[in-house]
Amino acid sequence: MRALSATALAVFALDQIVKVYVVHVLDLAETLRLDVWPPYLNLRMAWNRGINFGLLPAEGDAGRWILIAVALAISAGVLVWMLRESHGIWARLSAGLLIGGALGNAVDRVIYGAVADFLNMSCCGIDNPYAFNVADIAIFAGALGLVVFTGRDKTP
């Protein structure tokens with residue numbers, strides 16, 4: 001379980017450090033946009049009150065706390081699942097990615113009332129209107145990894 005814990009802690013710390021730097025040091029909360037390597041990488045401040053890409057917006061305190069509770073419940077469920085069953089290193093690393101990312105976004109909801117999203121990537125004439133963050137990347141990669149690395153052979 002050291003791999004899971006270390007991965008979750010590393011993702012959580014990296015996510016929070018990057019958010020503090022971007023939101024407060026670069027002052028993206030005020031400037032709202034910063035072109036880093038246009039159009040491929042830009043910083044665009046977006047306060048996400050819903051789930052990924054602003055889907056299912058949870059306006060108000062009740063919605064915010066429900067999403068925090070969901071993130072904590074999913075994190076706890078994945079942790080219990082990893083503890084109860086024997087999984088390989090890749091599954092444990094994937095679980096750590098998911099848990100670290102979920103906790104990073106949950107902390108944002110507690111501190112800011114919304115998730116701080118700021119990474120925006122576009123390419124090839126397509127203008128991507130969405131922003132995401134390090135935690136979102138980790139959640140997506142972790143969930144994908146859990147699907148890939150926890151499957152069981154269904155042949156008799």
message = Is there a side chain to side chain contact (heavy atoms under 4.5 Å, CB included) between Ile74 and Leu98? Walk through the geometry before answering.
response = CA-CA 9 Å; Ile74 289 171; Leu98 190 145; 4.0 Å; yes

message = With side chain to side chain contact (heavy atoms under 4.5 Å, CB included) as the criterion, how do Val134 and Lys19 come out once you've worked through the C-alpha distance, each side chain's angles and the decisive distance to 0.1 Å?
response = CA-CA 9 Å; Val134 173; Lys19 285 174 182 169; over 6 Å; no

key: Trace of the side chain to side chain contact (heavy atoms under 4.5 Å, CB included) decision for Leu43 with Asn120   = CA-CA 6 Å; Leu43 302 180; Asn120 172 264; over 6 Å; no

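Side-chain contact check for Tyr130 versus Arg44: every heavy-atom pair is 4.5 Å or farther apart. By the 4.5 Å heavy-atom criterion applied to side chains, Met82 and Met1 are counted as neighbours. Contact of the Tyr21 side chain with the Val18 side chain is not registered, since no non-hydrogen atoms from C-beta on lie closer than 4.5 Å. The shortest distance between side-chain heavy atoms of Thr7 and Arg92 does not fall below 4.5 Å. In this structure the side chain of Val115 reaches within 4.5 angstrom of the side chain of Asn133, judged on heavy atoms. No side-chain heavy atom of Gln16 sits less than 4.5 Å from a side-chain heavy atom of Val20. Residues Phe12 and Val107 are in side-chain contact: their nearest non-hydrogen atoms beyond the backbone lie under 4.5 Å apart. The shortest side-chain heavy-atom distance between Leu93 and Leu4 does not fall under the 4.5 Å cut-off.
Across every non-hydrogen atom of Ser75 and Leu103, the tightest pair is OG-CD2, 4.0 Å. Nearest heavy atom pair, residue Ala116 against residue Asp108, reads N-OD2, 3.0 Å. In terms of heavy-atom proximity, Gly113 sits nearest to Arg49 at O-CG, 4.2 Å. When all heavy atoms are compared, the tightest approach of Phe118 to Ala131 is N-CB, 4.0 Å. Between Ala106 and Ile68 the shortest heavy-atom distance is O-CG1, 4.1 Å. Closest heavy-atom contact between Asp15 and Gly104: OD2-CA, 3.5 Å.
Between Trp47 and Tyr112, the ring-plane angle classifies as tilted under the 30° and 60° cut-offs.
Of the inter-residue distances, the one linking Ser94 atom OG with Ile99 atom CD1 reads 11.0 Å to the nearest 0.5 angstrom. Within the model, atoms CG of Leu34 and CG of Leu41 stand 9.0 Å from one another, a figure rounded to the nearest 0.5 Å. Rounding to the nearest 0.5 Å places CG of Asn105 at 10.5 Å from CG of Leu67. Separating the CG atom in Asp61 from the CZ atom in Arg109 is a distance of 12.5 Å, to the nearest 0.5 Å.
In the hydrophobic cluster analysis, where Ile, Leu, Val, Met, Phe, Trp and Tyr join through side-chain heavy atoms closer than 4.5 angstrom, Trp37 is grouped together with Met45. Cluster annotation: Val80 is not connected to Val78 through the hydrophobic network of ILVMFWY side chains, with a link wherever side-chain heavy atoms come within less than 4.5 Å. Ile111 and Leu26 fall within a single hydrophobic cluster, where Ile, Leu, Val, Met, Phe, Trp and Tyr are joined by side-chain heavy atoms under 4.5 Å apart, directly or via other members. Linking Ile, Leu, Val, Met, Phe, Trp and Tyr whenever their side-chain heavy atoms come within less than 4.5 Å leaves Leu9 and Leu72 in two separate clusters. Under the 4.5 Å side-chain contact rule for hydrophobic residues, Val147 and Ile139 do not share a cluster.
One N or O on the side chain of Ser122 and one on the backbone of Asn128 form a donor-acceptor pair closer than 3.5 Å. Formation of a donor-acceptor pair under 3.5 Å by the Asp35 side chain with backbone atoms of Asn42 is not found in this model.
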